[in-house]
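For the single chain, residues carry numbers from 1 onward in sequence order.
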Amino acid sequence: MPQLSSYIDNFSNVKVLVIGDIMLDRFIYGKVERISPEAPVPVLKFNHEKYMLGGAGNVVANLSALGCKTTFIGIVGSDGNGGLVARQLSKSGAHSHLIKLSNYPTIVKTRFIAENSHLLRVDQEEVLPASEELLPKFQKILRQAVKKADIVVVSDYNKGLLTLQTTQMIINVCAEMDKKIIIDPKGCDYSKYQGATLVKPNLKEFSEATGQKYTPSSPDFHKQVQKGAKKLFDKYNIKNLIITLSEYGMLHISAENPEDLLQIPTEAKEVFDVSGAGDTSLAALGASLGSDVPVKEAMKLANISSGIVVGKLGTATVTDKELKTVLSVRETPEGGWRQKRKLITLKQAKGLVETLKRQKKVVGFTNGCFDCCHLGHLNSFMQAKNLCDVLIVAVNSDASVRKHKGEGRPVQDEKTRAMLLASLEFIDYVIVFNDDTALPLVEALRPDIVSKEGYKLEDWPEGRLAESYGGKAVALKRLDGYSTSNLVKKMKG
């Protein structure tokens, strides 16, 4: 089986057609420093605002960010916000067929955010008016677009575009042209999804559609899911279901072989904001299945993608570069130790730090020989980890240690020392470096915090460099009585 990262290169060849309810996401950022004298509500001091594609538009943005050739069909109003949606679609690199209605306002969702906290959301929307005369135009656009696509992704936000009639039209055209179709559903009536290749509900939506309650932690969960899925398969001729289970991961079950149920664990380690995570998951599935990635591997890519996006604030996307960076760090040869995923190259570290900073994570850095790991080292690592979200530890190579400590050192080779550090829970990533100092690493990575014990700033070039670009240099407290040199002397008797 190829490594997951090898599939991503094929995304640029995939033609994905997205159809669904599009909206404009508006974010107003500011700071709250006082309560209004008029009412007990916070006063948001405006800083800046940002517009992004929402709803099905976020699926489009994610597909484009993953490198796919993306086309969109949807409806907006003949208003300024509709124009903003069109410009955002063009900016994302997608080709769009926007049907503009004069008697319909473009949907806008405005979020007020103070630093990293959502204060309020204001929705401007109306139900899309039924319009029989639009159907011939819609069908003509649809047939032309489906013909050129490798896969069709339908994002239903229940805003009026995807009625029984239009959804069945999409499914029938896809069946006629032998195109796969993935649907992100809304509501409990699955009659409009009849005949779909794959439907992707979350557990709550699946529960509503089947009329059953499910508990992922219960021992009979899989049996209950099989029972519920069979209802949908028999009644609506749906071929596959992928059910997202929040912290329990993702589950696939097929009508052809419902006994062969597959569940994979979640990838998200730290949830910052869940806005758009389902859209990211849908996009990654579309890109993967559109390039004929096996279902299990497609689910893994979707799961990793949504795991990345929940670490970002607001409606967000995941790029093919970010996905490759995460995969390059985590992929190891079959049978390899899990801790080896923490051992990274400088190139991997650069991509990783870029991603972490976009996610507003604090990156910490420390370095040393760490020849015979002792309690003093552990104490330093614990202090360093408390200062940041992600701690990168750079360890001197064998050649570098010999330059500093003489021919008798190191006692343990660089592979052993790096693996020991990678096995510690306070350390997130380890880099082996060959230079005399860690200065080139700090220059390349620009971590937020550089920490080390026993150094004054005037004798610590890495610390001075960190402070020169706006980072922090933190002197760690030494735990007295512990020294590698003394430990080596003691072992030698």
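Looking only at side-chain heavy atoms (C-beta outward), His252 and Met299 come within less than 4.5 Å of each other. Contact check for Leu421 versus Phe381: side-chain heavy atoms found under the 4.5 Å cut-off. A heavy-atom distance below 4.5 Å is not found between the side chains of Tyr248 and Pro265. Taking the side chain as every heavy atom from C-beta outward, Lys385 and Asp428 approach each other to under 4.5 Å. The side-chain heavy atoms of Glu125 and Met23, taken from C-beta on, include no pair separated by under 4.5 Å. Taking the side chain as every heavy atom from C-beta outward, Cys369 and Asn396 approach each other to under 4.5 Å. Looking at heavy atoms from C-beta onward, Leu251 lies in side-chain contact with Val225 at the 4.5 angstrom threshold. Residues Leu241 and Pro201 have side chains in contact (heavy-atom distance under 4.5 Å, counting atoms from C-beta outward).
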Decide yes or no on salt bridge (Lys or Arg N to Asp or Glu O under 4.0 Å) for Lys180 and Asp292, but give the supporting numbers first.
-> CA-CA 10 Å; Lys180 289 176 279 194; Asp292 296 320; 3.1 Å; yes
Chi angles and distances behind the side chain to side chain contact (heavy atoms under 4.5 Å, CB included) call for Ile264, Asn303 | CA-CA 9 Å; Ile264 62 171; Asn303 218 358; 3.5 Å; yes
For Glu49 and Phe27, what are the C-alpha separation, side-chain angles and deciding distance, and is it a side chain to side chain contact (heavy atoms under 4.5 Å, CB included)?
-> CA-CA 5 Å; Glu49 64 182 330; Phe27 296 86; over 6 Å; no
Decide side chain to side chain contact (heavy atoms under 4.5 Å, CB included) for Leu391 and Val393; before the verdict, give the C-alpha distance in whole Å, the side-chain angles of both, and the deciding distance to 0.1 Å.
-> CA-CA 6 Å; Leu391 177 62; Val393 176; 4.1 Å; yes
Where do Val390 and Val362 land on the side chain to side chain contact (heavy atoms under 4.5 Å, CB included) test, with the steps shown first?
-> CA-CA 7 Å; Val390 176; Val362 176; over 6 Å; no
Apply salt bridge (Lys or Arg N to Asp or Glu O under 4.0 Å) to the pair Asp448 and Lys361, showing each step before the final yes or no.
-> CA-CA 9 Å; Asp448 301 296; Lys361 301 289 176 67; over 6 Å; no
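Within the 3.5 Å criterion, the main-chain N or O of Lys15 finds a donor-acceptor partner in the side chain of Asp150. Panel note: side chain Asp21, backbone Asn158; a donor-acceptor pair is recorded below 3.5 Å. Under the 3.5 Å distance criterion, the side-chain polar atoms of Asp413 are matched with a main-chain donor or acceptor of Thr416. Listed for the Ser451 side chain is no donor-acceptor partner under 3.5 Å among the backbone atoms of Ala384. No donor-acceptor pair closer than 3.5 Å links the side chain of Gln224 to the backbone N or O of Tyr214. In terms of modelled atom types and a separation under 3.5 Å, the side chain of Ser64 and the main chain of Ala61 share no donor-acceptor contact. Between the side chain of Ser36 and the backbone N or O of Glu38, at least one donor-acceptor pair lies under 3.5 Å. When atom types are taken as modelled, the side chain of Arg121 and the backbone of Phe112 share no donor-acceptor pair closer than 3.5 angstrom. Under a 3.5 Å cut-off, the side chain of Thr437 and the backbone N or O of Leu439 do form a donor-acceptor pair. No donor-acceptor pair under 3.5 Å is formed between the side chain of Arg26 and the backbone N or O of Lys50.
By the 30° and 60° cut-offs, the orientation of the rings of His377 relative to Phe370 is perpendicular.
Summarising the geometry, atom CZ belonging to Phe46 is positioned 6.5 Å from atom CD1 belonging to Ile28; distances are rounded to the nearest 0.5 Å. Once rounded to the nearest 0.5 Å, the distance linking CD of Glu425 with CE of Met382 reads 9.0 Å. Put simply, NE2 on His48 and CD1 on Ile113 are 8.5 Å apart, with the number rounded to the nearest 0.5 Å. One finds the CD atom of Gln124 at 6.5 Å from the CG atom of Asn81 (value rounded to the nearest 0.5 Å). Separating the CG atom in Leu282 from the CD1 atom in Ile242 is a distance of 10.0 Å, to the nearest 0.5 Å. In this structure, the separation between CD on Gln226 and CG on Asp220 is 10.5 Å, given to the nearest 0.5 Å.
Contact record, Ile344 with Gln348: CA-OE1, 3.2 Å, taken as the closest heavy-atom pair. Heavy atoms only, all atoms of each residue included: Ser291 and Val14 are closest at CB-CG2, 3.4 Å. The two residues Pro447 and Val442 come nearest to each other via the heavy atoms CD-O, 3.8 Å. The two residues Val353 and Leu445 make their nearest non-hydrogen contact at CG1-O, 3.5 Å. The minimum heavy-atom distance linking Gly278 with Asp184 is given by the pair O-OD2, 4.3 Å. Nearest heavy atoms, Ser207 versus Lys213: OG-CA, 3.8 Å.
Within a 6.0 Å sphere centred on NZ of Lys296, other residues, nucleotides and ligands contribute 12 heavy atoms or fewer. Few gaps surround CD on Glu33; more than 12 heavy atoms of other groups in view lie less than 6.0 Å from it. Residue-environment remark: CD (Glu458) exceeds the threshold of 12 foreign heavy atoms within 6.0 Å.
There is no side-chain donor-acceptor pair under 3.5 Å between Ser254 and Asn240. Side-chain contact annotation: Ser397 with Asn434, donor-acceptor N/O pair under 3.5 Å present. Between the side chains of Tyr157 and Asp279, at least one donor N or O sits under 3.5 Å from an acceptor N or O.
A salt bridge links Arg111 to Asp25: one of the charged nitrogens lies within less than 4.0 Å of a carboxylate oxygen. In summary, Lys186 and Glu205 engage in a salt bridge, as defined by a charged side-chain N under 4.0 Å from a carboxylate O. Checked for salt-bridge contact, Glu354 and Lys350 miss the test: no charged N lies under 4.0 Å from a carboxylate O.
In summary, of the residues considered (Thr70, Thr280, Thr319), a side-chain hydrogen bond (donor to acceptor under 3.5 Å, both in side chains) with Asn62 occurs for Thr280 alone. Among the candidates Arg478, Lys477, Glu453, the single residue satisfying the side-chain hydrogen bond (donor to acceptor under 3.5 Å, both in side chains) test with Ser380 is Glu453.
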